[in-house]
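Comments concern the structure below.
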Amino acid sequence: MSDARILSRLAGLLCLAPTLAWAQPQVLPGMTGSDIDTLVSGTQAAFNVPGVAVGIVKDGKVIFSRGYGHRRASESATVDEMTRFAIGSNTKAFTTAALSILVHQNKLQWSDPVWQHMPEFALADPYLTRAFIVTDLLTHHSGMGQGAGDLMLFSRSRFTRSEVVNRLQYMPFTGGFREKYAYNNLLYVTAGKLVEDISHVSWEHFVQRNILDAAGMKACTTSPAKPKSGENRATGHSLDNGKAVPVAWEFLPAVAPAGGIECSLSGMESWVQMLLAHGVSNGHSVLAADQIDEMWAPHALLPLADSAHLTNTHFRAYGLGWFTEDFYGARRVWHTGTIQNMVSYVSFLPEKNVGIVILTNQDDHHATYTLA
């Protein structure tokens, strides 16, 4: 689809909101539940998205939570707030959160050389092997190329996490160390292995127990299995001649710390609530507030997006598992995720104490961005 056509569709969708919004209860200033319903319906039609889930958290409360459409195209089962979606790279924030727990427990420091905790860690350049610190695993500025090593993680891969880490030494560096941004899943898998080496339990167990369960994240798992009939679980879709076609679920064992979590809208809303509450969920501390600040702080500068002038954005950076930027004068922290032909989107305006979650079961990012 051309950029001009996409912009035309977006403009049309944004004009669908009713002009008498003041006459209805407002979810946020200038936006009613009906406005959101209309926008989602138009987005689904424009981009052929079978199922969508939208959640808004404000001042610690879920003020909007709704599922739309179907878990699988041409089937009757509908999406609700408990339908499980694959959240893809939004998982990265859970891996950095797991590391933050270990930092808070003084079991490592963000500035520690990786090899001190993982003796098998080796890169193609012996100097980099010694120089690589924990945050270098997390900021996409390693010097490896965009998506380096992804074929070890996807496309019916059966590599184990240990095998992936052992092959790091054969990955070429195509850029300068800590110089340019190039998105990398391989090093997040390595970060997950680091969690395992320090905690002496699997990444799946550590994150499930210490984050998902501790934060009360319902219908969320670090260990998704092959879907069963009747499960409240979304199916991913791709487009074939403009029609959404279901795609078979894939077992991807190695990729989990970079993109393996499946979660419901309700569960992701609990995640947002906990983060906006400085790490506290139901009176229980899940994450340390200073560690959330560290994860959301700029660690590596990024070039501005082409649309920066539309949002009055003057800087953009990557934190630890999160993008951060200024957005109409406010601070924004966000991330997206794509796996199993589904897309997730989580975005915060911390100063305004608001966050949103959007989950879709079709792999067109334009639909998710429209809603966000």
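Put simply, CG on Asp150 and CG on Asn185 are 4.5 Å apart, with the number rounded to the nearest 0.5 Å. In this structure, CZ in Arg84 is found 14.5 Å from CG in Leu265, a value given to the nearest 0.5 Å. Atom CD1 of Ile292 sits about 7.5 Å away from atom OG of Ser100, to the nearest 0.5 Å. The structure places CG of Leu359 at 9.5 Å from OG1 of Thr83, a figure rounded to the nearest 0.5 Å.
In this structure, the side chain of Tyr328 does not engage the main chain of Thr313 through any donor-acceptor pair within 3.5 Å. Formation of a donor-acceptor pair under 3.5 Å by the Ser270 side chain with backbone atoms of Met217 is not found in this model. For the pair Glu196 (side chain) and Ser202 (backbone), a donor-acceptor distance under 3.5 Å is absent. Here the side chain of His314 pairs a donor or acceptor atom with the backbone of Asn312 at under 3.5 angstrom. Between the side chain of Asn166 and the main chain of Ser162, a donor-acceptor pair closer than 3.5 Å is present. The closest donor-acceptor contact from the side chain of Asn184 to the backbone of Leu186 lies under 3.5 Å. Using a distance-only test at 3.5 Å, with no hydrogens or angles considered, a donor-acceptor pair links the side chain of Asn361 to the main chain of His70. With hydrogens and angles disregarded, no donor-acceptor distance shorter than 3.5 Å links the side chain of Thr91 to the backbone of Ala258. Under the 3.5 Å distance criterion, the side-chain polar atoms of His141 are matched with a main-chain donor or acceptor of Thr139. In this structure, Asn353 contributes its side chain and Pro350 its backbone to no donor-acceptor pair below 3.5 Å.
Counting heavy atoms from C-beta on, the side chains of Ile198 and Leu108 come closer than 4.5 Å. Gln291 has its side chain out of reach of Leu99: every pair of non-hydrogen atoms, C-beta onward, lies at least 4.5 Å apart. Taking the side chain as every heavy atom from C-beta outward, Asn48 and His237 never approach each other to under 4.5 Å. For the pair Thr370/Phe47, a side-chain contact is recorded, criterion being any heavy-atom separation below 4.5 Å from C-beta on. Side-chain contact between Glu325 and Leu304: absent, with no pair of heavy atoms (C-beta onward) separated by less than 4.5 Å. Between Leu123 and Asp125, the closest side-chain pair of non-hydrogen atoms is not below 4.5 Å. Using a 4.5 Å heavy-atom threshold, the side chains of Gln340 and Val247 count as separate. Counting only heavy atoms from C-beta outward, the side chains of Leu252 and Ile339 approach each other to under 4.5 Å.
Ring centroid separation for the pair Trp271 and Phe94 comes in under the 6.0 Å cut-off. Ring centroid separation for the pair Phe121 and Trp115 does not come in under the 6.0 Å cut-off.
Between Tyr369 and Tyr345, the ring planes lie perpendicular to each other; the angle is over 60°, past the 30° to 60° tilted range. In this pair, Tyr68 and Phe64 present their aromatic rings parallel. The plane angle is below 30°, not in the 30 to 60° band. The aromatic rings of His140 and Tyr318 sit perpendicular, their planes meeting at an angle over 60°, well past the 30° parallel limit. Note: Phe177 and Tyr127 have perpendicular aromatic rings, judged against thresholds of 30 and 60 degrees for the angle between ring planes.
Salt bridge annotation for Arg178-Asp136: present, with a cationic side-chain nitrogen under 4.0 angstrom from a carboxylate oxygen.
Under the ring-ring contact (aromatic ring centres under 6.0 Å, His included) test applied with Phe348, the options Trp296, Phe323, Phe327 reduce to a single match, Trp296. Partner of Val272 under the side-chain contact (heavy atoms from CB on, under 4.5 Å) criterion, chosen from Val62, Ile356, Val57, Val354: Val57.
Looking only at atom types and distance, the side chain of Asn282 has no donor-acceptor partner in the side chain of His284 under 3.5 Å away. Between the side chains of Thr95 and Trp203, a donor-acceptor pair is found at a separation under 3.5 Å. No side-chain donor from either of Gln273 and Ser281 sits under 3.5 Å from a side-chain acceptor of the other.
For the pair Arg233 and Trp249, the cation-pi test (distance below 6.0 Å, angle within 45°) is passed.
Across all their heavy atoms, Pro257 and Ala254 have their closest contact at CD-O, 3.6 Å.
By the rule that hydrophobic residues join a cluster once side-chain heavy atoms approach within less than 4.5 Å of another member, Val201 and Met118 end up as members of one cluster.
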Verdict with supporting geometry, His117 and Asp112, side chain to side chain donor-acceptor pair (under 3.5 Å):
CA-CA 8 Å; His117 300 281; Asp112 284 351; 2.8 Å; yes

In sequence, state the C-alpha distance, the side-chain angles, and the governing distance for Lys92 and Ser89, and then conclude on side chain to side chain donor-acceptor pair (under 3.5 Å).
CA-CA 5 Å; Lys92 290 178 170 65; Ser89 285; 2.8 Å; yes

